[in-house]
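Labels below follow one simple rule: chain letters A, B, ... track the order of the sequence lines, proteins then strands, and each chain is numbered from 1.
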Number of protein chains: 2
Amino acid sequence: MQKETLCLGLLSLGPRSGYEIKQMFEGPLSDFYSLSFGTIYPTLNNLQADKYVSCKQHSQSKKPDKKVYTITKKGMELMKDNLLGDASSYIRSGNFGDQIKSEFFLLLLFSKYLPKETMNTVLNERVLYLRQKLEQFKYDGPVPGNLDAIRNEKSVSFIRGLASALIETGLNYMEKNRGKLN
Amino acid sequence: MQKETLCLGLLSLGPRSGYEIKQMFEGPLSDFYSLSFGTIYPTLNNLQADKYVSCKQHSQSKKPDKKVYTITKKGMELMKDNLLGDASSYIRSGNFGDQIKSEFFLLLLFSKYLPKETMNTVLNERVLYLRQKLEQFKYDGPVPGNLDAIRNEKSVSFIRGLASALIETGLNYMEKNRGKLN
DNA sequence: CGTATATATATCAGAATGATATATATAATC
DNA sequence: GATTATATATATCATTCTGATATATATACG
């Protein structure tokens, strides 16, 4: 997905600064996508130059000015057009469309070159890590401000439910079949 | 995972050319990782310069020479050292470690901006696509030469089984919960 | 006979990341 | 009370990787 469409999409949930957009990628979204500062800041500048967003500068005593961006009518239209135009190309992305970029799976592929002890530790830690991830996805308590907008989206409930189901399946499979790696 | 370690790992399954290494990424591995020609060829040249692989040039009448690389003892050692040294850092990668880079999930996140009709079509096609993926992972018939080496790895059976289980979970979830997106 | 696909390597523009620079406030640790 | 780490906030840039293109030919398809 184009970085412009993504930034506009996030700004459609409410006005935000570049720093805050980065923060939005630190919740459940972080498992599916993220953008770096090096992408976010230039993108926002370009979107502003083309009037897809407007910007209000809040001067702060000693920190750099906080630049809060608001999506414009023109911006909303561009975002919707882009989403509609590219929708079909996203069908094959994700899990298991397209690619997972899983270095863990690569490690499994070459596990025969590692001591069994090492692999055992790795698999144990993987299970612990996935259990922790599962709790994160199921967690329904309060979250910091900029994550709230994401969390309240109906689609995010759907995605979190899917993620939880997938992790549970993965955990069960690992526990039942890890013996087959030896 | 470093491109060097990955190329060495694939060459540990048998001598291959750059073109053939690219082909190895076109089977089940394609869902987890891949490298482009722009990465593979320079990497092989560097590995050769540092004696981690040797190279035999097979001249072909009118095509470019086929350069077949063989991993050296030094190369095997580097690969194993790298795998062992980085093993723990791969625990948090993949699904759902780290990141899936799912543009499909981003599309779901912004689905409220798309006509219901469009989303319905997208979800239908997604289901069809995943069913097709599932068949691919379950397929046990013959595969072209360079994929055979990958397919015969014990770890690949494990991974394919896991992938199948995950896709089945995803399909079931989608079918039961897609109504919640409206 | 033209078109598409496969073999085979190489290079490079463009894009994205991860790190770093800059500057300060606040919280935690010792 | 001093030091260290973390959080806020933007900007830039070297390095890295991809996706496309260039080059050249063989084979299959209709």
Side-chain angles (χ1 to χ4, degrees), chain A residues 1-7 11 15-27 30 32-49 53 55-69 89 92-93 98-101 103 106 143-147, chain B residues 1-7 11 15-27 29-30 32-49 53 55-69 89 92-93 98-99 101 103 106 143-147:
Chain A
M1 185 173 288
Q2 291 165 68
K3 52 198 191 268
E4 288 81 9
T5 314
L6 183 48
C7 286
L11 288 175
R16 294 278 188 298
S17 69
Y19 190 81
E20 289 167 338
I21 288 179
K22 186 77 207 296
Q23 286 182 319
M24 293 176 93
F25 284 114
E26 269 147 39
S30 71
F32 306 112
Y33 220 90
S34 93
L35 294 176
S36 67
F37 284 128
T39 299
I40 293 169
Y41 286 122
T43 299
L44 288 173
N45 286 332
N46 294 339
L47 287 173
Q48 190 192 355
V53 300
C55 174
K56 260 190 193 163
Q57 231 152 312
H58 300 247
S59 56
Q60 304 182 105
S61 46
K62 297 275 179 153
K63 282 178 248 179
D65 284 9
K66 186 171 173 174
K67 294 173 167 182
V68 175
Y69 296 90
S89 69
R92 287 148 184 270
S93 168
D98 220 336
Q99 207 168 66
I100 291 172
K101 274 283 174 190
E103 307 197 286
L106 290 183
V143 288
N146 294 309
L147 288 180
Chain B
M1 187 173 286
Q2 289 166 69
K3 53 197 190 273
E4 289 81 9
T5 314
L6 182 47
C7 285
L11 287 176
R16 293 278 189 298
S17 69
Y19 190 81
E20 288 166 340
I21 288 178
K22 186 77 208 294
Q23 285 182 320
M24 294 175 93
F25 283 114
E26 270 147 38
L29 238 186
S30 71
F32 307 111
Y33 219 89
S34 93
L35 294 176
S36 68
F37 283 127
T39 300
I40 293 170
Y41 285 122
T43 300
L44 288 173
N45 286 332
N46 293 339
L47 287 172
Q48 190 192 354
V53 299
C55 175
K56 262 191 191 163
Q57 234 154 308
H58 299 248
S59 58
Q60 305 183 108
S61 48
K62 297 275 179 154
K63 282 177 246 177
D65 284 9
K66 187 172 172 173
K67 294 174 169 180
V68 176
Y69 297 90
S89 69
R92 286 150 185 270
S93 169
D98 219 337
Q99 206 170 67
K101 272 283 173 191
E103 307 198 282
L106 290 183
V143 288
N146 294 308
L147 288 180

- Whole angstrom is fine here: how far is it from NZ in B:Lys66 over to P in C:dA6? 16 Å
- Query: To 10°, what angle do the rotation axes through the five end pairs on each side of the helix from C:dC1-D:dG30 to C:dC30-D:dG1 form?
  - Reply: 40°
- Task: Specify the separation, in whole Å, of atom OH of A:Tyr19 and atom C1' of C:dA23.
- Result: 13 Å
- Note on the structure: Whole-Å distance, B:Gln57 CD to C:dA8 C1', equals 12 Å
- Task: Return the set of residues passing side chain to side chain contact (heavy atoms under 4.5 Å, CB included) with A:Pro15 (not counting sequence neighbours), or none when no residue passes.
- Result: A:Val68, A:Thr70
- Query: Sequence neighbours excluded, which residues qualify as side chain to side chain contact (heavy atoms under 4.5 Å, CB included) partners of A:Gln57?
  - Reply: A:Asp65, A:Lys67
- Side-chain N or O of A:Gln23 less than 4.0 angstrom from OP1 or OP2 on D:dA7? no
- Note on the structure: Quick tally for nucleotides 10-21 of chain C: nucleotides whose base has a protein heavy atom under 4.0 Å get B, sugar-phosphate-only ones S, the rest -, giving BBB---SBB---
- Query: Given atom NE2 of A:His58 and atom C1' of D:dT8, what is their separation to the nearest angstrom?
  - Reply: 15 Å
- Message: On a heavy-atom basis, which atom in B:Leu35 and which in B:Lys3 lie closest, and how many Å separate them?
- Response: CD1-CB, 4.2 Å
- Note on the structure: Applying ring pair (Phe, Tyr, Trp, His ring centres under 6.0 Å) to A:Tyr41 and not counting sequence neighbours gives A:Phe37
- Note on the structure: By side chain to side chain donor-acceptor pair (under 3.5 Å), A:Gln23 pairs with (sequence neighbours left out) A:Asn146
- B:Gln2 meets the side chain to side chain contact (heavy atoms under 4.5 Å, CB included) criterion, sequence neighbours left out, with B:Glu4, B:Thr5, B:Asn82, B:Asp86
- What residues, two or more places apart in sequence or in another chain, satisfy side chain to side chain contact (heavy atoms under 4.5 Å, CB included) together with B:Ile21? B:Leu10, B:Leu11, B:Arg16, B:Phe25, B:Ile40, B:Leu44
- Between A:Gly27 and A:Leu147 the two heavy atoms that sit nearest each other are N-CD2, 3.4 Å
- Message: Categorize B:Glu20 for me: base, sugar-phosphate, or nothing, with a 4.0 angstrom heavy-atom threshold over every strand shown.
- Response: nothing
- Note on the structure: In whole angstroms, the gap separating C1' of D:dC17 from CD of B:Glu4 amounts to 13 Å
- Message: Between P on D:dA9 and CD1 on A:Ile40, what's the gap in Å once rounded to a whole number?
- Response: 14 Å
- Query: Can you tell me how far C1' of D:dA7 sits from NZ of A:Lys22, to the nearest Å?
  - Reply: 13 Å
- Note on the structure: Here the pair of heavy atoms bringing A:Lys22 nearest to A:Glu26 is O-OE2, 3.6 Å
